[in-house]
Amino acid sequence: MPFTLATWNINSVRLREGLVSRLLSSELPDVLCLQEIKTPLDKFPTEGFAALGYRYMVARGQKGYNGVAILSKLPLTDAGDRDYAALGHARHVAARLENGVTIHNFYVPAGGDIPDRAQNVKFGQKLDFIAEMRDVFHADRPEKAILVGDLNIAPREDDVWNHKALLKIVSHTPVEVEHLGAAQDAGKWVDITRQDMPEGRLYSWWSYRSPDWNAADKGRRLDHIWATPDISNAGHGSRILRDARGWEQPSDHVPVFATFDL
DNA sequence: ATGGTAGACCTTCTA
């Protein structure tokens, strides 16, 4: 049974409940993974999404910051979470579908502005978070798994608007790309978006600070969909909903989609 | 090299 999955950093699910409903109504993904819900779960707007058929949710929330949720039309069970880098933040949650597939939803720390852990503790925390992902994948050897989320790293030259200009900008520095690559290798994760669209520039985020985001098009691909090799061949139909960046009062990220025939 | 915008929340932190 094929299912379509989407991932979206929503930057406050309470402020943008209407945008999430618009996406669910128009695109009909079976599963939607959200990051930066920025709310405790007792204030999460579950009723509106349930009315659209998304009756299942596995989530972790906190007040004001971070928070991840997996909304689904298909039955889900909670598969736990991990406090990566011991930050005490709600940045990871996992859920299991009835077909045995495990979905990991990640919100990797942005890492601050200065790409040096001696001057910027947030950058060190970001590297530590990703190093722990590597260690966990090495120990656990994930199978039948999908990993999605805002990984806050654009790994390839064609994942950013200007590779050379961004080499010292957090999200595209060589040390971050190296860390993310080690985590990906440790779990043998296949980048499904690039499996489907191997050529050309792809972006999922455009800064709020850049005026005229569409014409300037200074984007980065920070949001990812990965799968383990045992199911990677089932992945297809990837796309990035660039239009969502132009919706009224948008998130700075747009939804990324993939379908799995499983 | 700098500053630019957005969201949550209690005045500043985070992105």
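Within every chain, numbering begins at 1; the chains are lettered A, B, ... in the order of the sequence lines, protein sequences first and strands thereafter. As a basis for the values below, the full set of heavy atoms in this structure was taken, side chains included, without hydrogen atoms, waters or symmetry mates.
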Task: Which residue lies more 5' along DNA chain B, comparing A/Arg91 with A/Asp113 via nearest heavy atoms - done: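 Looking at DNA chain B, the more 5' nearest nucleotide goes with A/Asp113.
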Task: Residue met sooner reading DNA chain B from 5', once A/Pro250 and A/Gly111 are mapped to nucleotides - done: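 Its nearest nucleotide being more 5', the pick is A/Pro250.
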- [ ] List in numerical order all residues of residues 152-165 of chain A for which some heavy atom is under 4.0 Å away from an atom belonging to DNA chain B.
- [x]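 None, since no heavy atom is under 4.0 Å.
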Task: Main-chain N/O of A/Trp205 paired with A/Asp252 side-chain donor or acceptor, under 3.5 Å - done: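 The answer is no, because no donor-acceptor pair under 3.5 Å joins these two groups.
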Open item on the list: Salt bridge check, A/Arg242 against A/Asp217: does any charged N sit closer than 4.0 Å to a carboxylate O?
Closed with: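 A salt bridge is present here (some side-chain N lies under 4.0 Å from a carboxylate O).
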- [ ] Please determine if A/Lys164 and A/Glu157 form a salt bridge, counting it only when a charged side-chain N lies under 4.0 Å from a carboxylate O.
- [x]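 No, no charged N to carboxylate O under 4.0 Å.
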[N] and [M]: how far apart are their [atom1] atoms, nearest whole angstrom?
N      : M      : atom1 : result
B/dT11 : B/dG7  : C1'   : 14 Å
B/dA15 : B/dG4  : C1'   : 13 Å
B/dT14 : B/dC10 : P     : 14 Å
B/dC9  : B/dG3  : P     : 28 Å

Task: Inter-residue atom distance A/Ile169.CD1 - A/Ile114.CD1, 0.5 Å rounding - done: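 Rounded to the nearest 0.5 Å, the CD1-CD1 separation comes out at 11.0 Å.
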TODO: Scan A/Arg220 against the nucleic acid and name what it touches under 4.0 Å (heavy atoms): base, sugar-phosphate only, or nothing.
DONE: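 Nothing, no nucleic acid heavy atom in range.
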- [ ] With a 4.0 angstrom cut-off to heavy atoms of chain A, pull out the first and last contacting nucleotide of DNA chain B, in 5'-to-3' order.
- [x]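 Using the under 4.0 Å cut-off, the span is B/dG4 to B/dA15.
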TODO: Decide side chain to side chain donor-acceptor pair (under 3.5 Å) for A/Gln125 and A/Asp128; before the verdict, give the C-alpha distance in whole Å, the side-chain angles of both, and the deciding distance to 0.1 Å.
DONE: CA-CA 5 Å; A/Gln125 290 169 347; A/Asp128 292 346; over 6 Å; no
- [ ] Mind listing the closest non-hydrogen atom pair of A/Lys126 and A/Val170 along with its distance?
- [x]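 Closest pair (atom of A/Lys126, atom of A/Val170, distance): NZ-CG1, 3.8 Å.
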Task: From CA spacing to verdict: side chain to side chain contact (heavy atoms under 4.5 Å, CB included), A/Ile70, A/Val93 - done: CA-CA 8 Å; A/Ile70 305 175; A/Val93 72; 4.0 Å; yes
Task: Non-neighbouring partners of A/Phe129 that pass ring pair (Phe, Tyr, Trp, His ring centres under 6.0 Å), sequence neighbours left out - done: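 If we apply the ring pair (Phe, Tyr, Trp, His ring centres under 6.0 Å) test to A/Phe129, skipping adjacent residues, the hits are A/Tyr84.
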